[in-house]
Amino acid sequence: MKAVAAAAGVSTAAVSQAFNDKGRLSPATRRRILDTALELGWSPSAPAAALRSARTRTLALVVRRPTDVLGADPHFSELITGIEGELAPRGYGLLLHLVAGAQEENVLYERLAAEGRVDGAVLTDARAVDPRPALLARLGLPAVLLGAPDRAAAVPSVGLGRQGAGVEEVVAHLLQLGHRRIAYVAGPEELQHTRLRHGAFDAALRKAGVRPVAVLHTDFSEVSAVAATVALLDTADRPTAIVYANDSMAVCGMGAAQRAGLRVPKDLSVVGYDNLPLGRWLHPRLTTVDQQVQRVGAAAARVLLARCGEDVEAERLDDRPRLVVRESTGPVPRRPAP
């Protein structure tokens, strides 16, 4: 720092301000300091900075999924892209942990807090009964919960409002196309969004005087998505439309239906949820619900950075999930004449 300060004609305090993006340096002075440091091959020591500030500039993202399920689901790639887009420019890193169950996840938070390895954590998959916010508040570890906004939670939650709105639009779209035999392949029952969407699905159909063919719960895996699809199609009065809890399962379900000799959407309409890029490249392209995964990840990162003491303005998410109609849904197939 002394060498950079001497070469740039500034104080060591100015060098520190330039690298930490703080203080009242003019843009020209800040640029001169950074250019001088680059010429001298110098950069600040992250471990030393952490020791001085008692901060690691690292945030944790803990995901409760088997590795094979996570690897097959692009949802988390989109989420991490949004989070990293906010962390990287500020010199923060993301520590990813995969856990198998609730107990392992809770023990991990306790260890991370005790060892001082992270400054905060992003909690995924909000649950209907969720002890994690209270646990992290007790541990004194800043956190943000990905889920429907909840003012009563022990930590702030970030997500699009009215989670059921997307499902309501899906049901209205399918009813307009003439479908009355509609099934839903959902996620695990304990998840908050599973219950919200399931409730919206049932309510929208009841309002139209229609009963759902079935609601099957899965663990989000490819195997469970295919098994649920095969079970639904292997009935005398099979559904004419299936709604899936995410795009990855919808892709698996579409493949299972096509292998069974059904044409999408001529024989079966398929709807996903997430609006991931892969849905735009299928044939037919996937009708889905856009819940702006990257934007939610970025908004969550900003909230958590602010809770960690960074001068960051939180983004207000006042939008809701919205239906994106493509070619995987079509009019209800006509029954062959007797």
Side-chain angles (χ1 to χ4, degrees), residues 59-65 69-89 92 94 96-98 121-127 143-150 156-170 185-188 191-197 200 218-222 225 243-253 270-282 285-305 314-326 328:
L59 302 179
L61 174 66
V62 180
V63 180
R64 193 191 302 179
R65 289 281 198 288
V69 174
L70 185 68
D73 187 356
H75 171 96
F76 283 97
S77 298
E78 291 286 297
L79 178 66
I80 291 171
T81 298
I83 295 173
E84 274 289 285
E86 296 293 332
L87 300 191
Y92 274 74
L94 187 66
L96 176 65
H97 275 280
L98 303 185
V122 178
L123 306 181
T124 62
D125 291 333
R127 287 161 172 78
V144 62
L145 176 65
L146 295 176
D150 183 1
S157 55
V158 173
L160 298 185
R162 288 205 60 219
Q163 278 290 308
V167 175
E168 291 168 1
E169 287 193 35
V170 169
V185 177
L191 296 187
Q192 177 198 63
H193 66 68
T194 296
R195 297 193 182 189
L196 290 173
R197 296 177 197 172
T218 69
D219 61 2
F220 291 132
S221 68
E222 297 174 349
V243 183
Y244 293 84
N246 64 32
D247 285 355
S248 297
M249 291 203 298
V251 171
C252 295
V270 172
V271 182
Y273 206 104
D274 273 344
N275 193 26
L276 300 179
L278 66 89
R280 298 194 293 268
W281 300 106
L282 294 175
R285 298 186 306 156
L286 182 65
T287 294
T288 184
V289 175
D290 185 7
Q291 60 172 346
Q292 303 178 46
V293 179
Q294 279 196 31
R295 184 182 171 201
V296 169
R302 293 176 71 86
V303 169
L304 188 51
L305 286 167
E315 179 185 4
R316 181 180 178 83
L317 294 178
D318 53 4
D319 205 353
R320 60 182 176 81
R322 296 182 183 276
L323 177 66
V324 179
V325 178
R326 299 195 183 105
S328 68

For this session: Might you point out which heavy atoms bring A186 and M249 nearest each other, and give the distance in Å?
Result: O-CE, 4.1 Å
Problem set entry | Ring-face cation contact, Y273 with R197, 6.0 Å cut, 45° max | yes
Exercise. Does any non-hydrogen side-chain atom of L146 lie less than 4.5 Å from one of V122?
Worked result: yes
For this session: Determine the minimum heavy-atom distance between T288 and D274, stating which atoms define it.
Result: OG1-N, 3.4 Å
Exercise. Distance from I80 atom CD1 to L61 atom CG, nearest 0.5 Å?
Worked result: 5.5 Å
Exercise. Short question: side chain of R127, backbone of D125 - any donor-acceptor pair under 3.5 Å?
Worked result: yes
For this session: Give a yes or no on whether E86 atom CD has more than 12 heavy-atom contacts from other residues, nucleotides or ligands under 6.0 Å away.
Result: yes
For this session: Please examine the side chains of N246 and H75, heavy atoms only from C-beta on, and report whether any two atoms are closer than 4.5 Å.
Result: no
For this session: Taking D247 for its side chain and G279 for its backbone only, find out whether a donor-acceptor pair lies under 3.5 Å.
Result: no
Exercise. So, for F220 and G187, which heavy atoms are closest and what is the spacing to 0.1 Å?
Worked result: CE2-CA, 3.6 Å
For this session: For residues T287 and R326, report the shortest heavy-atom separation together with the two atoms involved.
Result: OG1-N, 2.9 Å
For this session: Verify side-chain contact (heavy atoms from CB on, under 4.5 Å) between V293 and N275, making sure each step is shown before the conclusion.
Result: CA-CA 8 Å; V293 179; N275 193 26; over 6 Å; no
Exercise. Which heavy-atom pair separates V270 from A250 by the least distance, and what is that distance?
Worked result: CG1-O, 3.9 Å
Problem set entry | Heavy-atom check, side chain of T124 versus side chain of F76, under 4.5 Å | yes
Exercise. Going from CG on L87 to CG on L59, what distance comes out if it is rounded to the nearest 0.5 angstrom?
Worked result: 5.5 Å
Exercise. Are V170 and V289 close enough, and set up right, to give a side-chain contact (heavy atoms from CB on, under 4.5 Å), and what steps lead you there?
Worked result: CA-CA 8 Å; V170 169; V289 175; 3.5 Å; yes
Exercise. Charged N to carboxylate O under 4.0 angstrom, E168 versus R320?
Worked result: no
Exercise. Is there side-chain contact between L282 and S328, with heavy atoms separated by less than 4.5 Å?
Worked result: no
Exercise. Is there a donor-acceptor contact under 3.5 Å from the side chain of T194 to the main chain of P188?
Worked result: yes
Problem set entry | Nearest heavy atoms of L98 and R65, plus distance in Å | CB-O, 4.3 Å
Exercise. Heavy atoms, side chains only, cut-off 4.5 Å: are E78 and L276 in contact?
Worked result: yes
